[in-house]
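Everything on this sheet refers to the single structure shown next.
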2 protein chains.
Amino acid sequence: MDSKPIRMVTVPKAVIKRLPMYFRFINQLIEQGTERISSRELSQLMGITSSQLRQDLSYFGEFGQQGYGYKVVTLKQAISSIIGLEKIYNAIIVGAGNMGKAIAGYPGFSRRGLKIIGIFDNNPEIIGNKLGSLDVLDVKTLPEFLNKNPVEVGIITTPASVAQEIADILITAGVKGIWNFAPVLLHGNKNVIIEDIHVGDSLMTLFFKLNKNK
Amino acid sequence: MDSKPIRMVTVPKAVIKRLPMYFRFINQLIEQGTERISSRELSQLMGITSSQLRQDLSYFGEFGQQGYGYKVVTLKQAISSIIGLEKIYNAIIVGAGNMGKAIAGYPGFSRRGLKIIGIFDNNPEIIGNKLGSLDVLDVKTLPEFLNKNPVEVGIITTPASVAQEIADILITAGVKGIWNFAPVLLHGNKNVIIEDIHVGDSLMTLFFKLNKNK
DNA sequence: CTATACAAGTGAATTTTATCACAAATCAAA
DNA sequence: TTTGATTTGTGATAAAATTCACTTGTATAG
């Protein structure tokens, strides 16, 4: 009795980029109480083709049933596991400006496993302020803090000019990932994953499309 | 005497996505006082291949010189013009939470031509607060405001649950573009450009990569 | 002035991504 | 049961994006 061979292909980058979208939509279905859905229906909700949806999922396994579709809870479980959402990551935020506060205060992130255990700034007027249950700490104490507390993820919401300096501190301390909001390319090494989110790029894309349509 | 034929091909989506990155790096070169750069050097800074850089630029024209490279100021001017950064867009923000404040307070956006002329919320405790030079207005007055003031861009930083409702108001009033921070797919029409920025998706991508590397 | 190194722009080849279309499995109605 | 309607998963195909590699032009050193 043969077991099914696993197709040993690497997951395309384009597929990885779509995983969060899949999670978002499946989660929405759960909230609505939907129990099952076909690739055709789900793909229409998302604005993609059904074959793309099926092909994408096929890189990770078989989650549906022919003639029936997908059980929504099964699919949510599968995608959570693929992304790694069942884990909890300790994180600190550097930069307690509006963006830092927005990240710290958004309940959606803690719900997904991001646990903020420290927030830092260099502005004496901000240091010591309460932010939810956390005190804003002096960034000078950051290396010490990282030494005493297990931190997997560093979040950079500082101005661009100091972002690399902060990244170096985080990397030296051995964080596994950096979530970077500063509009610069950070240099790291193979031991750290750097994920950029350039909000300004999104605005420029909007501008380009507005400009083109004129 | 023949004029050079224009290659009539549409610009690939992948190229459009990279335009903001080009602008970011060229801008950085300007700040550093660099005067000229080759495709090889610039591409190394950006972490892409030089042929991709040259191929991308070729969709919009010829901006360099053989044996010399690119004049940085010329390139900045060209890309600004392609993206449409010389224009000024009037914008309003709906949702005066931390994210709304972060957008309103970030000087980089006004520098790129985004002029915030109003900010709205539905929370009585927030309405009336000062945010820079703007008062937070009651979202009930949004349709009236849009009627009296020319607004090209609406920025949605509300919870997901009310985002579509706000989008409908903006679309009815005839805004040209919506910059959406709420984690939902907004439904619009062909007259409005909707640009989404899903911050949570970026976090999930980081989680996926951390998970994969384990 | 000449020779050499440099470097843009681009057609062609390659690689990656998306779509098609169909076999196999399941469901549901008669 | 049996039959017809669904619907998945996937090889094959098509389309899109990236890289190669070469031609042409420019700069610069001697």
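Letters A, B, ... are given to chains in the order of the sequence lines, protein chains preceding strands, and every chain is numbered from 1. Keep in mind it's a predicted model, so treat the numbers as computed, not measured.
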Tell me, yes or no, whether the heavy-atom count around B:L45 atom CG, taken from other residues, nucleotides or ligands under 6.0 Å, exceeds 12. yes

Listed nucleotide nearest any side-chain atom of B:Q65, set D:dA17, D:dT8, D:dA27: D:dA27

DNA chain D: A:D56 or A:G67, which has the more 5' nearest nucleotide? A:G67

What is the distance, rounded to the nearest whole Å, between atom CG of A:L53 and atom P of C:dT19? 12 Å

Looking at A:R40, I'd like to know whether one of its side-chain N or O atoms comes within less than 4.0 Å of OP1 or OP2 on D:dT7. yes

To the nearest Å, give me how far apart OH (B:Y68) and P (C:dG9) are. 14 Å

Starting at atom NZ of A:K71, determine the distance to atom C1' of C:dT26, rounded to an integer number of angstrom. 13 Å

In whole angstrom, what separates B:F63's CZ from D:dG25's P? 20 Å

Please give, in whole Å, the distance from D:dT8 P to A:L75 CG? 10 Å

Check whether the side chain of B:Q66 and the base of C:dA7 form a donor-acceptor pair under 3.5 Å. no

What is the separation between atom NZ on B:K13 and atom P on D:dT18, rounded to the nearest whole Å? 13 Å

Do you know the tightest heavy-atom contact between B:I178 and B:I171? CD1-CG1, 3.9 Å

The nucleotide from D:dA12, D:dT8, D:dT24 with an atom nearest the side chain of A:Q55 is D:dA12

With A:D201 as partner, the option from B:R112, B:K17, B:R24 fulfilling salt bridge (Lys or Arg N to Asp or Glu O under 4.0 Å) is B:R24

Output yes when at least one side-chain N/O atom of A:S39 is less than 4.0 Å from OP1 or OP2 of D:dT8, else no. yes

Of the options D:dT8, D:dA17, C:dG9, whose atoms approach the side-chain atoms of A:S38 most closely? D:dT8

Which part of the nucleic acid, if any, lies within reach of B:S51 when heavy atoms closer than 4.0 Å are counted: base, sugar-phosphate only, or nothing? base

For atom CD of B:E62 and atom P of D:dT26, their distance in whole Å: 11 Å

Please tell me which of B:I37 and A:T49 maps to the more 5' nucleotide of DNA chain C, matching each residue to the nucleotide holding its nearest heavy atom. B:I37

Please confirm whether the shortest side-chain N or O distance from B:R54 to OP1 or OP2 of D:dC22 is below 4.0 Å. no

Can you tell me which nucleotide in D:dA27, D:dG9, C:dA18 comes closest to the side chain of A:Y70? D:dG9

Can you tell me which nucleotide in D:dA27, D:dT19, C:dT19 comes closest to the side chain of A:Q52? C:dT19

B:R36 CZ to C:dA7 P, in whole Å, measures 7 Å

Can you confirm whether more than 12 heavy atoms, excluding those of B:E86, are under 6.0 Å from its CD atom? yes

Of A:F23, A:W179, A:Y89, the residue whose pairing with B:F207 passes ring pair (Phe, Tyr, Trp, His ring centres under 6.0 Å): A:Y89

